[in-house]
Amino acid sequence: VLTEMLMLIDRYDLYGKVAYPKNHSPEDVPEAYQLAARRRGVFVNPALTEPFGLTLIEAAASGLPVVATATGGVPDVVREGETGRLAAPSSPQDLAKAIIKALAEPDATRRMAQAARQNVETHFSAAAMAAGSDTVRLMELSPPSMPKSMTVPSGATGRSPLPMAMRANRSMFSPATRRPMRLPQS
């Protein structure tokens, strides 16, 4: 796959437009996302299977527009046309169209990136995770006859809690380093 990608970069003279780090440390990842966002890049996740989408959350939290395949947990993070672009996982043509659309419509793509960042802050923040954990714990401890209104704390979104924490001080823990990464201001 890498050889084919390098040949395509050469064929279409995409040097300087495609980033594929030769190697990097986990500490470099947050800065790479932020750099790509500042340079108006797009994060592409072409996974055939993606159970959760942690890299999508990290990219979105950095303000980087996202294009991904609609597989596994990705649609929980990326909503087509709202918080990013989705493509069929087994269709390179569909993925190419989604990337081209993201690059060809910069205003719409920026709006989606802003919405994706807000989505991350709303659904994957420490407060949302804490509320989700309490909801799950209360539901586990509640007898089946207890009314549902008593098991769900007010303000809960109804979305499944996912293991990503973002601090209220606008930093997010990088899962690779377990250190906070600073998020750019909106």
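Everything quoted here is computed from the prediction, not taken from an experiment. Any value given below was found using the heavy atoms of this structure, including those in side chains, with hydrogens, waters and symmetry copies removed.
- Rounding to the nearest 0.5 Å gives a distance of 10.5 Å between NZ of K101 and NZ of K97.
- Between A68 and V74, the shortest heavy-atom contact is CB-CG1, 3.8 Å.
- The two residues A47 and P89 make their nearest non-hydrogen contact at O-CB, 4.0 Å.
- Between the side chain of T69 and the backbone N or O of L48, no donor-acceptor pair lies under 3.5 Å.
- Contact of the T109 side chain with the L103 side chain is not registered, since no non-hydrogen atoms from C-beta on lie closer than 4.5 Å.
- Of all the heavy atoms in P65 and G41, the pair that sits closest is CD-O, 3.3 Å.
- The NE2 atom of H123 lies 8.5 Å from the CD atom of Q118; values are rounded to the nearest 0.5 Å.
- No continuous path of hydrophobic side-chain contacts links L56 to V44 [ILVMFWY only; heavy atoms under 4.5 Å].
- Listed here is the closest heavy atom pair of E82 and A115: O-CB, 3.4 Å.
- Summarising the local packing, CZ of R40 is surrounded by 12 or fewer heavy atoms from other residues, nucleotides or ligands at distances under 6.0 Å.
- Taken together through direct or relayed side-chain contacts under 4.5 Å among Ile, Leu, Val, Met, Phe, Trp and Tyr, F124 and V29 form part of one hydrophobic cluster.
- Contact check for T55 versus Y33: side-chain heavy atoms found under the 4.5 Å cut-off.
- One N or O on the side chain of E80 and one on the backbone of L86 form a donor-acceptor pair closer than 3.5 Å.
- One finds the OH atom of Y15 at 3.5 Å from the CG atom of D10 (value rounded to the nearest 0.5 Å).
- Shown here for P26 and P30, the closest heavy-atom pair between the two residues is O-CD, 3.7 Å.
- Side chains of M112 and R79 form no contact here, defined as non-hydrogen atoms less than 4.5 Å apart.
- L35 and F43 end up in different hydrophobic clusters when Ile, Leu, Val, Met, Phe, Trp and Tyr side chains are linked at under 4.5 Å.
- Note on V78 and I57: same hydrophobic cluster, where clusters join Ile, Leu, Val, Met, Phe, Trp and Tyr whose side-chain heavy atoms are under 4.5 Å apart, directly or indirectly.
- Distance check: R38 CZ to E31 CD gives 7.0 Å after rounding to the nearest 0.5 Å.
- A60 and V66 get closest at one heavy-atom pair: N-CG2, 4.2 Å.
- Considering D94, V67, V42 in turn, V67 is the only one that fulfils the side-chain contact (heavy atoms from CB on, under 4.5 Å) rule with I99.
- Put simply, M5 and L8 are part of the same group of oily side chains (I, L, V, M, F, W, Y) that touch within less than 4.5 Å, one to the next.
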